[in-house]
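Working notes for the structure below.
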Amino acid sequence: MTSPITESQAGLINQTPDARGLRKGQKAADDERYDGAGGRVLNVFSHGFLILWAILIILPLLWIILGAFKNNAEIGSSAWSWPSHWSFGSFGRAWDKGIGKFFLNTVIVMIFSVPLTMLFGSMVAYVLARYTFPGNRFFYFLFVGGAMFPYFLALVPLFFMVKNLGMLNTYQGLILVYIAYSLPFTTFFMHSFFKTLPTAIHEAAVLDGASHTRTFFQVMIPMAKPGLLSVGIFNVLGQWNQYILPVTLMQPQSSTDPDRSMLAQGLVNLSLQQGYSGDYPALFAGMVVAMLPVLVVYLSFQRQVQAGLTAGTLK
Amino acid sequence: MQHRKYPFIVGFLIVPLVLYITFVIWPYIQTIGYSLTNWQGESQTFKFVGFQNYSDLFHDGVFRTALWHNILLLIFLPVVTILLALFFAFMVNVGGRSTAGGVQGVRGASIYKVVYFFPQVLSVAILIVLFGAIYRSDSAGLLNGVLTKLHLEDANNPIEWLNDPNLVLWCLLGVQVWAGVGFYLVLFSAAMQSIPKDIYEAALLDGADRSQTFFKVTLPLLWDTVQTSWVYISIFAMDFFALVSGLTQGTYGGGPDHHSEVMSTYLMRNFLYFGKSGYACAQGVMIMLLTMIVSVITLRASRRDRIEF
């Protein structure tokens, strides 16, 4: 992989073989004039710092993965110990200690919450982006403004709201709350996306007699696919990683109430219990299990993830 | 187009709007209302006490400590994160060898971006477990292990990172910087690449060198992005709940002896542990007000003429 700048430059410059030959001669001369020794020193210098930070990111993660294969004594003795024999036993123990159940809980919630977030967010964004009606701006700011504040400002009343609806520690309660808290960003992102789509096709569909609803589902949604993919991945990662909402809303309400912890929450609970049970390899293995899906999604949709996450601040 | 437009608009808005108002907007408003009462949570009776909670807050030593810690984070978190991110963005985008097309990125720039960005997609829960192990107080912790290996500290006398009153807050700051730099690096890179090439070519023709180009051309054009980032990081600095409650001692964290207390952890402890819901709501409102004030100040103080390109 090379830098995107280089590629685009190459595309612009090297249009014909003739031009390329010409540029090459010029390039050497330019290097001599502009680059000199300074450029090379800077190049080494910048690689040095960049590699250092990359190590700071990667090393702790590798160390944790290695830790999942050690035993308790090895983890406790020194940071530099090496696993004496490689086995996946800790992963089995982590799975039995609840990671498997938490994993399943999270998947159940997200099967409903992510598609519904996308549907409702797009509906709101579409109406606000494409129709003029009194109060349009008001609703836009109402929806987008919710992203301004950290969640925990609403936590106290939210807890009692969900409690009064009888939905504490239930999947449906958490699903509804996830949707509500994902709406601001989804609406914001899809709003700017619908704005950029051409109006001609939309008008043609209306002239052909399609209803507003049909136009939305059969014309606009297919056109908005790239935007939906970006914001969808954003929501998958965001809801998978959500911590404070499940901590508040998904505590067992009685001794017979099953533990419906989400994965992130369950993992922290496991780590807080470590003082008593002291199975560090299982804890690290649990962390690897929680991290793996995120890593796969991230690496396969790397471009959309970066675009989706940074779009909110750039617009 | 007017044909049955309003039923359609209402039909599309109604369900999301009800959900959103029920679970987001209404709780925000209720927080303000409850903050004026002596509500104790479980009991459904409470009475209006005016601004009593707020005046209590200002006399509450723990709250003042927490507020001070948030202010420290508000100052240092954006500065450190943005400087590091700008530095790396500069290195990634213009740190490579020069060519005829001008200055270019280092080799493997996109790999660096992928690696740096990765912590951003990790759950805060993973950060808690990860850094719990890194900051372990004996020599089996990664940080102590590395320092011992480098002979910077005595193996028999390891640093108790998260138990040290003078270090704990900075350790937590370090976690957030570690996780955040990659995001802002990618953000700044995207902004840098949206700057048209001919501006750089013009600067080159005028004989500007790399650092001049960066400070006189790139940075001013990035200013909008830096400003937005500052506001975003500030909002983060007002939070910090998960990291503090997960990594430090005490119910909902804050230890040792309130040295890592932030407003959000104190709020949660008052709400779920002491049952002082009304008081907790008043703290919520204070956090909301401070967030708004900080955002407005940041946007005002850093206002420049917007450069269109």
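Just so we're on the same page: letters track the sequence lines, and every chain starts at 1.
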Counting heavy-atom pairs under 4.5 angstrom with chain B, the leader among I58(A), V294(A), L158(A) is L158(A)
Looking only at T213(A), L207(A), I179(A), the option with the highest number of non-hydrogen pairs under 4.5 Å against chain B is T213(A)
Between L56(A) and W178(B), the two heavy atoms sitting closest are O-NE1, 2.9 Å
Ranking V15(B), D239(B), V285(B), I287(B) by heavy-atom pairs under 4.5 Å to chain A gives rank one to D239(B)
Given T148(B), N144(B), V24(B), the one with more heavy-atom pairs under 4.5 angstrom with chain A than any other is V24(B)
query: How far apart are the C-alpha atoms of M268(B) and T248(A), what are their side-chain angles, what is the distance that settles it, and do they pass the side chain to side chain contact (heavy atoms under 4.5 Å, CB included) test?
result: CA-CA 10 Å; M268(B) 279 299 257; T248(A) 316; 4.0 Å; yes
dist S271(A):OG -> I126(B):CD1 (nearest 0.5 Å) comes out at 12.0 Å
Under the criterion side chain to side chain contact (heavy atoms under 4.5 Å, CB included), I'd like the reasoning laid out for L122(B) against L61(A): C-alpha separation, chi angles, the key distance, then a yes or no. CA-CA 11 Å; L122(B) 293 177; L61(A) 295 170; 4.2 Å; yes
Which is it for Y112(B) and H47(A) under the side chain to side chain contact (heavy atoms under 4.5 Å, CB included) test, yes or no, and what are the steps along the way? CA-CA 10 Å; Y112(B) 284 125; H47(A) 265 298; 3.1 Å; yes
Under 4.5 Å to a heavy atom of chain A? For F12(B) that would be both
When the 4.5 angstrom heavy-atom criterion is applied to S189(B) and chain A, the contacting part is neither
Given V177(A), V268(A), V156(A), the one with more heavy-atom pairs under 4.5 angstrom with chain B than any other is V156(A)
Applying a strict 4.5 Å limit to non-hydrogen atoms, the region of L299(A) in contact with chain B is side chain
message: I'd like to know if the side chain of Y116(B) and the backbone of L50(A) have a donor-acceptor N/O pair within less than 3.5 Å.
response: yes
Open item on the list: Quick check against the 3.5 Å criterion: does Y181(A) have a side-chain atom that pairs as donor or acceptor with the backbone of F23(B)?
Closed with: yes
One option among V115(B), L267(B), T291(B), L84(B) has the most heavy-atom pairs under 4.5 Å with chain A, and it is V115(B)
Counting heavy-atom pairs under 4.5 angstrom with chain B, the leader among Y243(A), W240(A), F143(A) is F143(A)
Geometric class of the F133(A)/Y6(B) ring pair [parallel <30°, tilted 30-60°, perpendicular >60°]: perpendicular
Q. F8(B) and F216(A): aromatic ring centres closer than 6.0 Å?
A. no
So, the part of I25(B) with a heavy atom under 4.5 Å from chain A: the answer is side chain
Output for pair (L267(A) CG, S123(B) OG), nearest 0.5 Å, gives 8.0 Å
Looking only at Y28(B), W26(B), F236(B), most heavy-atom pairs under 4.5 Å shared with chain A are made by Y28(B)
ask   = Y298(A) vs F117(B) aromatic rings, parallel, tilted or perpendicular, using cut-offs 30° and 60°?
value = parallel
Applying a strict 4.5 Å limit to non-hydrogen atoms, the region of M161(A) in contact with chain B is side chain
M123(A) and G11(B) have their tightest heavy-atom pair at CE-O, 4.5 Å
If one checks every heavy atom of F88(B) against chain A at 4.5 Å, the contacting part turns out to be both
Comparing L143(B), V181(B), I29(B), I21(B) against chain A, the one with the most heavy-atom pairs below 4.5 Å turns out to be V181(B)
If you tally heavy-atom pairs under 4.5 Å between each of I57(A), V162(A), V127(A) and chain B, the highest tally belongs to I57(A)
message = For F160(A) and W39(B), take the angle between the two ring planes, folded into 0 to 90°, and tell me which bin it lands in: parallel under 30, tilted 30 to 60, perpendicular over 60.
response = tilted
Nearest heavy-atom approach of A125(B) to A264(A) is CB-O, 3.2 Å
Original post:
How far apart are the C-alpha atoms of M91(B) and W53(A), what are their side-chain angles, what is the distance that settles it, and do they pass the side chain to side chain contact (heavy atoms under 4.5 Å, CB included) test?
Top reply: CA-CA 12 Å; M91(B) 289 298 171; W53(A) 190 264; over 6 Å; no
Looking only at L142(B), V129(B), L13(B), T31(B), most heavy-atom pairs under 4.5 Å shared with chain A are made by L142(B)
Does the Y20(B) side chain pair with the main chain of L142(A), one donor and one acceptor, at a distance under 3.5 Å?
yes
Max heavy-atom pairs within cutoff under 4.5 Å with chain B, candidates L155(A), I51(A), V297(A), goes to I51(A)
Rounding to 0.5 Å, atoms CG (L19(B)) and OH (Y178(A)) come to a distance of 15.0 Å
Bottom line for T132(A): the part with an atom under 4.5 Å from chain B's heavy atoms is both
| Can you list the steps and then say if F87(B) with F49(A) is a ring-ring contact (aromatic ring centres under 6.0 Å, His included)? | CA-CA 10 Å; F87(B) 176 74; F49(A) 275 102; 5.2 Å; yes
Exercise. Does W63(A) reach the main-chain N or O of I134(B) with its side chain, forming a donor-acceptor pair under 3.5 Å?
Worked result: no
Bottom line for I64(A): the part with an atom under 4.5 Å from chain B's heavy atoms is side chain
Under 4.5 Å to a heavy atom of chain B? For L183(A) that would be side chain
